[in-house]
Participant: 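Dropping a structure here in structure tokens format, bear with me for questions.
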Amino acid sequence: MIEIAIDGTAASGKGTLGKKLSDKYSFPYLDTGMLYRKVAHELIKNNKVNTTGLEKTSCHYAMILNLKELKNKNLRTEDVSKLASKIATFQNLRKILNNKQKEFNNSNKKKFGGCILDGRDIGTTILPNADFKFFITASLEVRAKRRLLEKNISFLHENDEKCMLQTFMNNMKERDRLDSNRKISPLVPAKDAYVIDTTSINSEELLSQVVDIIERKK
Ligand code: CDP
């Protein structure tokens, strides 16, 4: 049974890598950021963001979270991203979501012979004994450009595009700061992770580097 842990910064290419590896090896794949996004989205939808007891309410939504209900495009808005990074600092919330991620891994790896998880703390906390650990990163500007492209917005003026790019860069920098500096499960490469910078490579080149590593050691 093979466990593959992928961690890294926002828009570094880790999600695309997870999906491509899942297609190649037919192992189930979980984008664990979607769990934090789902809780953040529920808080926004139910007007609970500025109420007291945010951690307790987050835990409530985490407990009733169904992994089959993560395919909503509203989960990828900038507001949801920001709130997801904020609530990801809550210890009790992480405990609940960690259990769901471990359950997903345990049941699927038995059934399919392997499992792939991507996130921020997979190689360090969720799957510390993973067979393969990858830490994916890229420059802030390249990552913000990728995020902007994903949104598929058509701009009337070049300045509007520049302004939006700057906003994306600021938001991402702040999320990286929160993720890397929090006390519990911060975003850091596991000691035994392969660190890959995708600033100047595309998703196919990344896949090929990762597959080479897996095939050599398998
Ligand atoms: O897609 P992107 O990389 O922008 O973010 P994501 O993977 O969907 O994760 C959203 C947020 O959830 C991150 O900024 C983290 O704060 C949090 N997260 C986490 O703390 N631990 C994980 N395993 C996955 C996500």
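Note: hydrogens, waters and symmetry copies are ignored here, and every other heavy atom, side chains too, is used. The first residue in the sequence is number 1, and the count goes up from there. Ligands are counted one by one from 1 in listed order, and the atoms in each one are counted from 1 as well.
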Participant: Do T77 and D79 meet the criterion of a side-chain donor-acceptor pair at a distance under 3.5 Å?
Facilitator: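 No, no side-chain donor-acceptor pair sits under 3.5 Å.
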Participant: Return yes or no for this condition: an N or O of S85 is under 3.5 Å from an N or O of ligand 1.
Facilitator: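 So ligand 1 has an N or O lying under 3.5 Å from an N or O of S85.
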Participant: So with a 6.0 Å cut-off around CD of E141, is the heavy-atom count from everything else above 12?
Facilitator: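 Atom CD in E141 is not crowded, with 12 or fewer foreign heavy atoms closer than 6.0 Å.
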Participant: What protein heavy atom sits nearest atom 17 (C) of ligand 1, and how far away is it?
Facilitator: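 Looking only at protein heavy atoms, the one closest to atom 17 (C) of ligand 1 is A88 CB, 3.8 Å.
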Participant: What's the shortest distance from atom 8 (O) of ligand 1 to any protein heavy atom, and which residue and atom give it?
Facilitator: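 Scanning the protein heavy atoms, the shortest distance from atom 8 (O) of ligand 1 goes to R37 NE, 2.5 Å.
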Participant: Quick test: of every protein heavy atom, which one is nearest to atom 15 (C) of ligand 1, and how far off is it to 0.1 Å?
Facilitator: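 Answer, as residue, atom name and distance: D179 OD1, 3.3 Å.
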Participant: Among protein heavy atoms, which sits nearest to atom 22 (C) of ligand 1, and what does the distance come to when rounded to 0.1 Å?
Facilitator: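 It is R120 N, 3.4 Å.
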Participant: Without hydrogens or angle criteria, can the side chains of T125 and S185 be said to hold a donor-acceptor pair below 3.5 Å?
Facilitator: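 Side chains of T125 and S185: pair found under 3.5 Å.
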Participant: Answer yes or no: does an N/O atom from T9 fall short of 3.5 Å to an N/O atom of ligand 1?
Facilitator: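 So ligand 1 has no N or O lying under 3.5 Å from an N or O of T9.
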Participant: Looking only at protein heavy atoms, which one is nearest to atom 10 (C) of ligand 1, and how far off is it?
Facilitator: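 The closest heavy atom on the protein side is R175 NH2, 3.5 Å.
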Participant: Look at atom 12 (O) of ligand 1 and say which protein heavy atom is nearest, naming residue and atom and giving the distance to 0.1 Å.
Facilitator: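 Of the protein heavy atoms, Y36 CB, 3.5 Å lies nearest.
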Participant: For atom 20 (O) of ligand 1, which protein heavy atom lies nearest, and how many Å away is it?
Facilitator: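 Ranked first by proximity to atom 20 (O) of ligand 1 is R94 NH1, 2.8 Å.
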Participant: Have a look at ligand 1 and work out which part of S12, if any, has a heavy atom under 4.0 Å from it: side chain, backbone, both or neither.
Facilitator: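 No part of S12 comes within reach of ligand 1.
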Participant: Does a donor on one side chain and an acceptor on the other come within less than 3.5 Å for S203 and R146?
Facilitator: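 There is no such pair (donor and acceptor under 3.5 Å, judged by atom type) between the side chains of S203 and R146.
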Participant: Would you say A11 contacts ligand 1, with heavy atoms under 4.0 Å as the rule?
Facilitator: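 True for this residue.
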Participant: Are the side chain of Q101 and the backbone N or O of L97 linked by a donor-acceptor pair below 3.5 Å?
Facilitator: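 It does hold such a pair.
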Participant: Determine, using heavy atoms of K86 and all atoms of ligand 1, whether some pair is separated by less than 4.0 Å.
Facilitator: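 K86: no contact with ligand 1 (<4.0 Å).
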Participant: I need the nearest protein heavy-atom contact for atom 4 (O) of ligand 1: residue, atom name and distance, please.
Facilitator: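 Scanning the protein heavy atoms, the shortest distance from atom 4 (O) of ligand 1 goes to R147 NH1, 2.6 Å.
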Participant: Salt-bridge test for E150 and R147: reply yes if a basic N is under 4.0 Å from a carboxylate O, no otherwise.
Facilitator: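 Salt bridge flag = yes for R147 with E150.
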Participant: Just heavy atoms, cut-off under 4.0 Å: does R182 contact ligand 1 by side chain, backbone, both, or neither?
Facilitator: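 Side chain only; the backbone of R182 stays clear of ligand 1.
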Participant: Nearest non-hydrogen atom to atom 6 (P) of ligand 1 belongs to which of G119, A10, G33?
Facilitator: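 Nearest heavy atom to atom 6 (P) of ligand 1 lies in G33.
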Participant: Are any of the N or O atoms of T32 closer than 3.5 Å to those of ligand 1?
Facilitator: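 Yes, at least one N or O pair falls under 3.5 Å.
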Participant: State, without any angle test, whether E3 and N129 hold a side-chain donor-acceptor pair at a distance under 3.5 Å.
Facilitator: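 No donor-acceptor contact under 3.5 Å links the two side chains.
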Participant: Would you tell me whether R143 and S12 have side-chain atoms, one donor and one acceptor, within less than 3.5 Å of each other?
Facilitator: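 Looking only at side-chain atoms, S12 and R143 do not form any donor-acceptor pair under 3.5 Å.
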Participant: Regarding Q166 and N170, do their side chains bring together a donor and an acceptor under 3.5 Å, going by distance alone?
Facilitator: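 Side chains of Q166 and N170: pair found under 3.5 Å.
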Participant: Roughly how far apart are K71 NZ and D31 CG, rounded to 0.5 Å?
Facilitator: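 Nearest 0.5 Å value for the NZ-CG distance: 10.5 Å.
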